[in-house]
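The next block holds one structure in the form of structure tokens; read it before the comments.
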Amino acid sequence: MTRSTEESLSRAVRSDEDLERRIEELVEAGVPENSRNLPLYREMLVTVLRMAQADRNRWDAKIMLQTLREMEHAFATLAQFKGRRKVTVFGSARTPIEHPLYALARELGASLAQRDLMTITGAGGGIMAAAHEGAGLDHSLGLNITLPFEQHANPTVDGTQNLLSFHFFFVRKLFFIKEADALVLCPGGFGTLDEALEVLTLIQTGKSPLVPVILLDEPRGSYWQDALQFISRQLADNRYILPGDMKLMRLVTNAKDAADEIDLFYRNFHSSRWLKNRYVLRLRHPLGQGALERIHADFADLCLSDGFEQLPYDETEQDEPELSQLTWLVFAFNGRDHGRLRELVDLVNQEEHWAKR
């Protein structure tokens, strides 16, 4: 190795060490000392600096900046609604006020509000305006997209703190799903179909937690019935999806049934999480011995090994201590059969299977 090469390597090492020191100073100055997220913020800064060192083209840098800004603003705004259950409602912005679907969406918003559920929509007209109209401002959240036509915030959320505007569709869609404890899909155009298929794909692949997906149509409507027939005949019958994936959706034809479906889903089931290689269903009520025996017998196909274990509580919920007293049903989930997982959730929600107190 020549002397000039050694000097170049030495300068590079000193440069890296100096960069690490400066990053550490920034993190220590800007992050609370007891924050569990400190390593994550450090990695974020390193990622941005890597991009700066590579000096990407201006369009790439603008995408990065806009995405970070939109996400940070959304996190800050939505923090005020933390802890409230929310339902994302999709549907056409072009549904006229006199259409039966408009009245149905308005009734849906009112039914959700009666159960203290917030209604999230794209903040536009049609189905979105109707759902917010029924829910009222206190139970509404609007996630608007900036478009040169069509998409203006509806009167319920326009000009309020319950409205967020996004430049990028992909960031907006992230929050539609991230914030949703349930999703209701009304008839609509390309955007609605796109959202429906993306939601189902994310749940089917485990990239999004299992939540109720409800297809809402008017009593004599054929929109979702035709779509389900196509999915069953072309996708399930050809094994492009698992037969059980059809159970990820429920078709209903009135607002009350849609709201009741959400209530039933959370009757005992609270939430789920991965804990290393184990999957956890958090339950409000422990299950009786008979129910556990049935689960072991009927749902063994969900487990890679060891079967199911019920734990009375867990003290490791350091990030969400308020959930530490929930019962855990733990198993080595195969990560594939989410339709069957929905069947398991349906079983634990039946009161007859809860332990007698």
Side-chain angles (χ1 to χ4, degrees), residues 85-88 108 111-112 115 117 177 180-185 196 199-216 224-225 228 231-232 236 241-274 278-304 307-311 323 326-357:
R85 291 279 193 190
K86 306 176 189 71
V87 178
T88 294
L108 172 68
S111 296
L112 296 176
R115 292 161 169 80
L117 297 168
I177 297 169
D181 296 289
L183 299 114
V184 179
L185 295 140
V199 162
L200 291 168
T201 300
L202 290 171
I203 294 175
Q204 178 210 42
T205 56
K207 291 297 184 181
S208 181
L210 182 68
V211 298
V213 178
I214 300 162
L215 310 178
L216 177 61
W224 289 122
Q225 192 64 56
L228 286 172
I231 292 171
S232 177
I241 62 173
L242 295 173
D245 289 337
M246 297 296 294
K247 294 183 172 66
L248 296 174
M249 305 164 275
R250 302 288 168 90
L251 174 62
V252 301
T253 55
N254 66 76
K256 182 180 181 301
D257 284 353
D260 286 346
E261 184 71 29
I262 297 167
D263 278 348
L264 287 171
F265 186 86
Y266 292 106
R267 192 179 185 196
N268 188 22
F269 172 82
H270 180 280
S271 53
S272 61
R273 67 172 293 182
W274 281 98
R278 306 280 280 175
Y279 193 76
V280 179
L281 295 184
R282 299 189 186 103
L283 308 179
R284 304 176 192 277
H285 309 282
L287 300 173
Q289 186 57 39
L292 290 172
E293 290 173 0
R294 178 176 170 183
I295 289 171
H296 278 283
D298 294 353
F299 293 93
D301 57 302
L302 290 180
C303 302
L304 294 174
F308 297 83
E309 181 182 10
Q310 181 168 254
L311 304 174
L323 305 182
L326 295 172
T327 296
W328 281 21
L329 185 66
V330 186
F331 58 105
F333 180 37
N334 63 26
R336 175 176 173 81
D337 297 313
H338 289 86
R340 288 281 288 147
L341 183 64
R342 174 62 199 260
E343 291 184 273
L344 175 58
V345 169
D346 289 341
L347 186 148
V348 305
N349 280 325
Q350 297 175 30
E351 190 171 357
E352 63 192 81
H353 296 305
W354 305 349
K356 302 299 181 184
R357 292 183 181 263

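The chain is numbered in sequence order, starting from 1.
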For the pair Arg342 and Asp346, find out whether any cationic side-chain nitrogen is under 4.0 Å from an anionic carboxylate oxygen. yes
Results of side-chain contact (heavy atoms from CB on, under 4.5 Å) for Glu352 - residues two or more places apart only: Gln350
Check step by step if side chain to side chain contact (heavy atoms under 4.5 Å, CB included) holds for Ile295 and Leu347. CA-CA 9 Å; Ile295 289 171; Leu347 186 148; 3.9 Å; yes
Any side-chain heavy-atom pair from Val211 and Ile177 closer than 4.5 angstrom? no
About how many Å separate NZ of Lys207 and OG1 of Thr201, when rounded to the nearest 0.5 Å? 12.5 Å
Under 3.5 Å, is there a donor-acceptor pair between the side chain of Asn268 and the main chain of His285? yes
Go through it in stages, so that I can follow the logic: the residues are Ile214 and Val252, the test is side chain to side chain contact (heavy atoms under 4.5 Å, CB included), and I'd like the CA-CA distance, side-chain angles, deciding distance and then a yes or no. CA-CA 7 Å; Ile214 300 162; Val252 301; 3.5 Å; yes
Heavy-atom pair of closest approach, residues Ser272 and Leu281: CB-CD2, 4.1 Å
Just how far is it from atom CG of Asp245 to atom CG of Asp337, taken to the nearest 0.5 Å? 8.0 Å
Salt bridge or not for Arg115 and Asp260, using N-O below 4.0 Å? yes
Does a sphere of radius 6.0 Å around CZ in Arg250 hold more than 12 heavy atoms from other residues, nucleotides or ligands, not counting ones at 6.0 Å or beyond? yes
Gap separating the CG atom of Leu344 from the CZ atom of Arg340, nearest 0.5 angstrom: 8.5 Å
Over all heavy atoms of both residues, which pair between Leu283 and Val348 is shortest? Give the atoms and the distance, please. CD2-CG2, 3.9 Å
What one should report as the nearest heavy-atom pair of Leu216 and Ala255 is CD1-N, 4.4 Å
Aromatic contact between His296 and Phe331, with the criterion being ring centroids under 6.0 Å apart: yes or no? no
Looking at CZ of Arg336 and CG of Leu304, how far apart are the two atoms once the value is rounded to the nearest 0.5 Å? 12.0 Å
Ignoring hydrogens, what is the shortest heavy-atom contact between Ala180 and Thr88? Give both atom names and the distance. CB-OG1, 3.4 Å
Can you tell me how far apart CG (Leu210) and CZ (Phe265) are? Round to the nearest 0.5 Å. 4.0 Å
N/O donor-acceptor pair under 3.5 Å between Asn349 side chain and Phe269 backbone: yes
For Tyr279 and Phe333, take the angle between the two ring planes, folded into 0 to 90°, and tell me which bin it lands in: parallel under 30, tilted 30 to 60, perpendicular over 60. tilted
Heavy-atom closest pair, residues Pro209 and Ile203: O-CG1, 3.8 Å
Quick check for you: to the nearest 0.5 Å, what is the distance between Trp354 atom CH2 and Leu287 atom CG? 9.5 Å
Below 4.5 Å, heavy atoms only, C-beta onward: do Met246 and Ile241 meet side chain to side chain? yes
If you compare all heavy atoms of Tyr266 against all heavy atoms of Arg284, which two are closest, and at what distance to 0.1 Å? O-NE, 3.1 Å
Does a side-chain heavy-atom distance below 4.5 Å link Trp328 with Glu309? no
